[in-house]
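Here's the structure, in structure tokens; my notes come after.
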Amino acid sequence: MTRTALTAARGSTGTSGSAGSPGSSGERHGLPSLGPEGTALLRLLDDTFESWGRAAGARAMTMPPLLPAADLARLDYYENFPHQAVLAAPLDLGRRDQQSFCAESGCFPCGALQPAALGLPSASCYGVYLDHQGRRLTEDTLVTVVGWCFRQEERYEGLRRQLAFRMREIVAIGNQAHAEDHLCTFTDRITAFAEALDLPLRKEAATDPFFDKDGSKALLQRLSPVKYEFLYEDLAIASVNTHRNFFGDRCAISLAETGGPAFTSCVAFGLERWLSALTLRHGDWATATEAVRSAAARLARVGPVT
């Protein structure tokens with residue numbers, strides 16, 4: 001394997017396709033860049049996943065990269081995942097002279113900032129539920145979005161684990177059968193795509209990374225799994241998730257037929273993680289890209305998602 005191929009396979013950075021130079025400031029902070037070949041493969045993957053959603057009837061939408069922290073708090077985000085939360089705040093110009101940027105630490109002190117009223121979401125689907133809040137649905141709904149997501153981690157590792165990354169999601173909102181059928185359909189689709197890619201994946205029941213791992217919500221997920229991950233080796237690159245009627249209740253999304261809260265589920269693809277898995281499996285960007293093109297074409301001949 002060439003040095004270029006080895007760099008790509010490890011998901012580290014390199015001017016040939018993955019990102020800036022190894023050990024760059026961006027990579028150390030979980031913010032690697034992506035070169036031309038990696039960018040092309042990421043777009044190809046995202047176009048493929050989006051096409052699955054559109055073929056199933058999903059509306060393509062764009063959600064904002066920032067959400068009101070008050071809305072995320074209403075969804076228990078800061079209670080369940082405070083260790084992953086990232087917030088944004090503007091500078092307090094009234095204290096600019098007393099609380100200036102510290103070159104030694106590379107940070108603004110907390111006192112230099114206004115209160116943080118904006119949150120950077122850790123998943124693309126939060127914006128979808130908030131966009132639908134207060135709606136009364138007369139029919140089952142599918143939405144597909146891609147967005148930047150943000151998670152504070154104890155460590156970062158190339159394209160495997162980042163502070164900022166892109167996630168394509170296909171979200172179902174409607175009655176319980178609609179939400180459940182959505183996950184069954186795309187479980188089959190992911191499995192077939194992985195087989196066509198010669199990418200061995202295993203499906204495992206998983207729990208969300210709750211801060212309180214012994215709390216009632218974490219225990220409930222272990223007893224009655226609502227999330228399944230698709231792993232290449234030890235890396236989860238996709239997941240299927242059911243939320244029952246939690247988001248329907250918290251966002252006041254109701255069903256016209258029953259008057260009760262809507263059920264939701266989502267299928268998620270961590271795009272940079274797919275890059276890491278594919279280059280590790282196939283050895284270089286070109287071979288990985290050709291594998292995706294070939295697998296997508298093979299699935300297209302099978303027919304649309306139903």
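Looking at heavy atoms from C-beta onward, V267 lies in side-chain contact with L183 at the 4.5 angstrom threshold. In this structure, C251 and L130 have side chains that are in contact, with non-hydrogen atoms separated by less than 4.5 Å. In this structure, the side chains of F246 and D76 come closer than 4.5 Å at one or more pairs of heavy atoms. Side-chain contact between W285 and L41 is present, with at least one heavy-atom pair separated by less than 4.5 Å.
Counting non-hydrogen atoms of other residues, nucleotides and ligands closer than 6.0 Å to CD of E139 gives a total of 12 or fewer. Annotation: R135, atom CZ; neighbour count of heavy atoms from other residues, nucleotides and ligands within 6.0 Å is above 12. Crowding of Q114 atom CD: a count of heavy atoms from other residues, nucleotides or ligands under 6.0 Å exceeding 12.
Of all heavy-atom pairs spanning H132 and I253, the tightest one is O-CG1, 3.4 Å. Across H282 and L197, no two heavy atoms sit closer than the pair NE2-O, 3.0 Å. Here the shortest heavy-atom pairing between Y77 and F150 reads OH-O, 4.4 Å. What you find for L72 and G119 is that their closest heavy atoms are CD1-CA, 4.0 Å. Listed here is the closest heavy atom pair of F49 and I170: O-CD1, 3.7 Å. In this structure, G248 and P261 approach most closely via the heavy-atom pair C-CB, 3.7 Å.
L66 and M167 sit in two unconnected hydrophobic clusters of ILVMFWY residues. Membership requires side-chain heavy atoms under 4.5 Å apart, directly or through other members. The cluster map of Ile, Leu, Val, Met, Phe, Trp and Tyr, joined by side-chain heavy atoms under 4.5 Å apart, puts L142 and I190 in different clusters.
Within the 3.5 Å criterion, the main-chain N or O of Y228 finds no donor-acceptor partner in the side chain of N241. Judged by distance alone, with hydrogens and angles left aside, the side-chain atoms of R202 form a donor-acceptor pair with the main-chain N or O of E233 at under 3.5 Å. Between the H178 side chain and the T141 main chain, a donor and an acceptor come within less than 3.5 Å of each other.
You'll find the ring centres of Y129 and H243 inside the 6.0 Å limit.
With respect to the salt-bridge test (charged N to carboxylate O, under 4.0 angstrom), the residues D234 and R160 qualify. Salt-bridge formation is detected for the pair R281/D198: a Lys NZ or Arg NE/NH1/NH2 atom is positioned less than 4.0 Å from an Asp or Glu carboxylate oxygen. The residues R166 and E272 are annotated as salt-bridged, a charged nitrogen and a carboxylate oxygen being separated by less than 4.0 angstrom. D71 and R74 are joined by a salt bridge, as a carboxylate oxygen and a charged side-chain nitrogen come within less than 4.0 angstrom of each other. The residues R155 and E153 are annotated as not salt-bridged, no charged nitrogen and carboxylate oxygen being separated by less than 4.0 angstrom.
A side-chain donor-acceptor contact under 3.5 Å links T287 and D284. With no hydrogens or angles considered, no side-chain donor-acceptor pair links R59 and T144 at under 3.5 Å. Side chains of Y232 and S276: no donor on one and acceptor on the other come within 3.5 Å.
Aromatic ring pairs are classed by plane angle as parallel below 30°, tilted from 30° to 60° and perpendicular above 60°; the pair H83 and F81 is tilted.
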Report, one line per pair, each donor and acceptor closer than 3.5 Å where one atom sits in a side chain of residues 88-96; sequence neighbours left out.
{"from": "D92", "atom 1": "OD1", "to": "G94", "atom 2": "N", "distance (Å)": "3.1"}
{"from": "R95", "atom 1": "NH1", "to": "G111", "atom 2": "O", "distance (Å)": "3.4"}

